[in-house]
Amino acid sequence: MKNLFYLFLAVTIFSCSDDDSSDTNDNNAINPSLEKRISQMGIHDIQTCSSRVYGDSIKFTYANNKLSSALARTYEFNCYENDWEYADYDRWNEVNLEYTENYLIINYVGTIALECPLDSDGNITSVPQRQSDGYRGWDFEYSNGYLTKATQNEYLDDYDIIDTLNWDNDNLTSIDRSYTTNSLSQYQDNSTIIFQYSNQLNKSELFPAGAYVLNRTYNILFSHCGRTSKNLPSQAFIQYYNQNGLTSNKKYEYDYILDDDGYVRFLTITRTEISYDSWDDTYSDPVENIWTLEFEYTN
């Protein structure tokens with residue numbers, strides 16, 4: 001569950017669209033027509049854990065039909081064969097948002113403030129690169145409100161990472177990641193994510209495309225990076241490559257419990273991971289982790 005938002009990917013979470021894809025869709029943070037907005041989410045239970053785990057919980061507040069602030073907790077602990085050993089990493093982050101006609105100002109309290117330009121649909125088109133402190137920046141491209149390309153600009157390491165997002169029938173089908181230089185190819189992997197979908201509508205508007213391309217430092221941006229898939233995914237397959245071929249793969253399987261209005265109340269994620277060891281040219285045995293997220297809503 002490393003990076004819930006990498007659910008929150010695969011893991012996690014927050015951009016929005018109506019069920020009727022013919023309408024113009026804004027994110028849930030700014031769309032006043034949504035019946036419910038997520039007010040809180042976090043880990044409900046961890047059923048199986050065989051590696052280091054990052055956990056995230058987050059509370060949202062709204063004002064004038066817009067997301068106004070978020071309070072997020074990120075923590076880390078080690079758990080091998082369900083033998084829990086908590087680590088020292090436990091951090092709270094507060095984020096406040098201010099809207100102008102053409103910009104979204106995101107203030108990460110006590111750290112940085114970002115002034116991000118918006119397009120006519122209210123989606124962020126870029127994140128400023130702060131060379132003074134080495135923070136990375138992004139540029140985003142959209143088609144019909146869907147994020148189709150994200151370029152991550154790495155200031156300190158002087159290379160770019162490009163994510164190409166492919167959509168079909170209002171669902172995100174795959175993401176291809178590549179590097180623009182070979183200078184770090186021996187350390188960095190290219191990757192591909194392929195999605196499969198259930199017949200259940202994504203009324204909660206989970207799994208925003210931005211969650212798969214942004215560093216978790218900027219996870220609040222997910223609410224302003226285009227529309228989400230129409231349906232809830234059933235599986236996601238992630239494969240990592242370097243110049244020598246496949247290095248590892250992960251499979252995420254998703255199981256949902258919906259409330260009476262069709263919004264996700266609980267989401268159980270099963271992650272199976274296989275890694276390649278170049279030292280002895282072997283693949284590891286599959287490692288499985290299972291955890292459940294819980295969501296609460298406000299009208």
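- The main-chain N or O of E296 is found under 3.5 Å from a side-chain atom of S39 such that the two form a donor-acceptor pair.
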inquiry  = What verdict does the side chain to side chain contact (heavy atoms under 4.5 Å, CB included) test give for D45 and I43, after you've listed the backbone C-alpha separation in whole Å, the side-chain angles of each residue and the deciding distance to 0.1 Å?
reply    = CA-CA 6 Å; D45 185 31; I43 296 175; 5.8 Å; no
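- A cation-pi arrangement, defined by a distance under 6.0 Å to the six-membered ring centre and an angle within 45 degrees of its axis, is absent between R37 and F60.
- Proximity of C116 to S126: side-chain heavy atoms (C-beta onward) are nowhere separated by under 4.5 Å.
- The two residues G122 and H224 make their nearest non-hydrogen contact at O-ND1, 3.6 Å.
- I193 CD1 to N166 CG: the interatomic distance, rounded to the nearest 0.5 Å, is 11.5 Å.
- I238 contributes atom CD1, which lies 9.5 Å from atom CD of E273 (distance to the nearest 0.5 angstrom).
- For the pair N171 (side chain) and K230 (backbone), a donor-acceptor distance under 3.5 Å is present.
- Interatomic distance, W167 CH2 to R227 CZ, rounded to the nearest 0.5 Å: 8.5 Å.
- For the atom pair OG1 of T164 and CD1 of I175, the computed distance is 9.5 Å after rounding to the nearest 0.5 Å.
- For the side chain to side chain donor-acceptor pair (under 3.5 Å) with D259, the qualifying choice from R265, K36, K203 is K36, the only one to do so.
- When the side-chain contact (heavy atoms from CB on, under 4.5 Å) test is applied to I290, the partners found at least two apart in sequence or on another chain are Q47, T48, T268, T270, E288.
- What you find for T228 and P208 is that their closest heavy atoms are CG2-CA, 3.7 Å.
- The backbone N or O of V264 sits less than 3.5 Å from a side-chain atom of S204, completing a donor-acceptor pair.
- With rounding to the nearest 0.5 Å, the separation of CD in E141 from CD1 in I162 is 9.0 Å.
- Within the 3.5 Å criterion, the main-chain N or O of L232 finds a donor-acceptor partner in the side chain of S198.
- No side-chain heavy atom of I105 sits less than 4.5 Å from a side-chain heavy atom of L114.
- Between T151 and I161, the closest side-chain pair of non-hydrogen atoms is not below 4.5 Å.
- For S68 (side chain) and T61 (main-chain N/O), a donor-acceptor pair under 3.5 Å exists by modelled atom type.
- Remark: side-chain polar atoms of D121 are not paired, donor with acceptor, to backbone N or O of N123 under 3.5 angstrom.
- The number of heavy-atom neighbours closer than 6.0 Å to CG of N144, taken from other residues, nucleotides and ligands shown, is 12 or below.
- Side-chain atoms of F237 and Q235, non-hydrogen and from C-beta on, do get closer than 4.5 Å to each other.
- With contacts defined as side-chain heavy-atom distances shorter than 4.5 Å, the pair F195/T173 does not qualify.
- No cation-pi contact links K149 to F140, judged by a cut-off of 6.0 Å to the six-membered ring centre and 45° from its axis.
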query = Would T125 and D139 satisfy side chain to side chain contact (heavy atoms under 4.5 Å, CB included), going step by step from the backbone distance to the final call?
reply = CA-CA 6 Å; T125 58; D139 295 306; over 6 Å; no
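- Atom CG of L97 and atom NZ of K66 lie 10.5 Å apart (nearest 0.5 Å).
- Y252 places none of its side-chain heavy atoms less than 4.5 Å from the side chain of S234.
- Side-chain rings of F295 and F266 stay apart, their centers remaining 6.0 Å or farther from each other.
- When atom types are taken as modelled, the side chain of Y263 and the backbone of I38 share no donor-acceptor pair closer than 3.5 angstrom.
- Counted by atom type alone, D170 and Y146 present one or more donor-acceptor pairs between their side chains at under 3.5 Å.
- Looking only at distances, no side-chain donor or acceptor of W291 sits under 3.5 Å from a matching main-chain atom of H44.
- Using modelled atom types, one finds no donor on one side chain facing an acceptor on the other under 3.5 Å when comparing T148 with Y142.
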key: Residues N202, N231; criterion side chain to side chain donor-acceptor pair (under 3.5 Å); working and verdict   = CA-CA 5 Å; N202 187 11; N231 297 97; over 6 Å; no
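- Across all non-hydrogen atoms, the minimal contact from C225 to L147 is O-CB, 3.8 Å.
- Residues Y254 and F207 place their aromatic rings such that the two centres sit under 6.0 Å apart.
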request  = Evaluate side chain to side chain contact (heavy atoms under 4.5 Å, CB included) for I106 paired with V95, printing each intermediate quantity in order.
outcome  = CA-CA 7 Å; I106 305 175; V95 182; 3.5 Å; yes
